[in-house]
Amino acid sequence: MIKIDSSELDKFSVYLKTKSEEDEKKIQNVIKNSAMTIERNAKSNLTSNKSVKTGHLRRGIATNIGNMEATVHTSNIKYAVMVEKGTKAHIIKPKNKKALYWKGASHPVKQVNHPGSKAKPYLIPAFDKEVPYFVEKLKEVVEW
């Protein structure tokens with residue numbers, strides 16, 4: 001769970017309405033640097049995870065920088081959330097065939113009872129690690 005202390009938010013919103021262009025550039029730079037740090041740490045978290053097989057998820061982590069915002073995401077990787085949060089036990093059935101078969105299987109099967117997988121968080125820990133630094137850097141730029 002992510003918690004944000006909003007006690008100073010009213011003062012901050014008043015400040016943002018009166019900020020200068022120079023202040024805005026400084027704030028954008030803080031946002032960009034923190035987003036890039038989160039991306040780097042998320043990739044590092046996956047690198048240190050010994051169950052990484054292909055590196056596809058690590059390569060799929062990307063950062064989009066906008067005006068006064070940034071997004072670090074894995075939106076093009078369908079299984080990213082399953083790695084982050086884990087999965088419950090579930091049944092895997094074939095979609096386009098009558099049975100499942102893989103190299104090393106002794107015979108085709110109609111379904112597989114998957115036991116689930118343990119969560120291997122990589123993105124949320126990277127975010128959590130950066131939050132205190134982000135807030136401190138923002139306080140240096142924004143004084144109200």
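Heavy-atom basis, side chains included; hydrogens, waters and symmetry copies ignored.
Side-chain atoms of T87 come within 3.5 Å of backbone N or O of S117 as a donor-acceptor pair. Using a distance-only test at 3.5 Å, with no hydrogens or angles considered, a donor-acceptor pair links the side chain of R59 to the main chain of T54. Side-chain atoms of E84 never come within 3.5 Å of backbone atoms of K120 as a donor-acceptor pair (strictly under, hydrogens ignored). No side-chain donor-acceptor contact under 3.5 Å links S44 to the backbone of R40. Using modelled atom types, one side-chain atom of N45 and one backbone atom of Y122 make a donor-acceptor pair closer than 3.5 Å.
The distance from the CD1 atom of I92 to the CG atom of N113 is 9.0 Å, given to the nearest 0.5 Å. Within the model, atoms NZ of K26 and CD of E21 stand 13.0 Å from one another, a figure rounded to the nearest 0.5 Å. Put simply, NZ on K85 and CG on L123 are 10.5 Å apart, with the number rounded to the nearest 0.5 Å. N67 CG to E24 CD: the interatomic distance, rounded to the nearest 0.5 Å, is 5.5 Å. For the atom pair OG1 of T71 and CD of E69, the computed distance is 5.5 Å after rounding to the nearest 0.5 Å. Here I38 contributes atom CD1 and F134 contributes atom CZ; the two are 8.5 Å apart, rounded to the nearest 0.5 Å.
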| task | Could you walk me through whether Y79 and T74 pass side chain to side chain contact (heavy atoms under 4.5 Å, CB included), step by step? | result | CA-CA 9 Å; Y79 60 88; T74 55; over 6 Å; no
Self-check item: Evaluation steps, side chain to side chain contact (heavy atoms under 4.5 Å, CB included), between M68 and I27
Solution: CA-CA 7 Å; M68 303 297 277; I27 293 168; 3.4 Å; yes
Check the pair Y133, N33 against side chain to side chain contact (heavy atoms under 4.5 Å, CB included), reporting the backbone distance first and the verdict last.
CA-CA 10 Å; Y133 300 108; N33 289 341; over 6 Å; no
Given I65 and I31, is the side chain to side chain contact (heavy atoms under 4.5 Å, CB included) satisfied, shown in steps? CA-CA 8 Å; I65 309 288; I31 292 168; 5.8 Å; no
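Put simply, the side chain of H56 reaches to within 4.5 Å of the side chain of I77, judged on heavy atoms. Side-chain contact between L46 and I61: present, with at least one pair of heavy atoms (C-beta onward) separated by less than 4.5 Å. V83 has its side chain within reach of L57: a pair of non-hydrogen atoms, C-beta onward, lies under 4.5 Å apart.
The shortest non-hydrogen separation linking A35 to V72 is O-CG2, 3.5 Å. The heavy-atom pair separating A99 from P108 by the smallest distance is CB-CB, 3.7 Å. N41 approaches A126 most closely through the heavy-atom pair CB-CB, 3.8 Å.
Of the N and O atoms on the side chains of S75 and H73, at least one donor lies less than 3.5 Å from an acceptor on the other residue.
Remark: E136 engages no residue in a salt bridge (Lys or Arg N to Asp or Glu O under 4.0 Å) (not counting sequence neighbours).
Using a 4.0 Å cut-off between a side-chain N of Lys or Arg and a carboxylate O of Asp or Glu, E130 and K137 qualify as a salt bridge.
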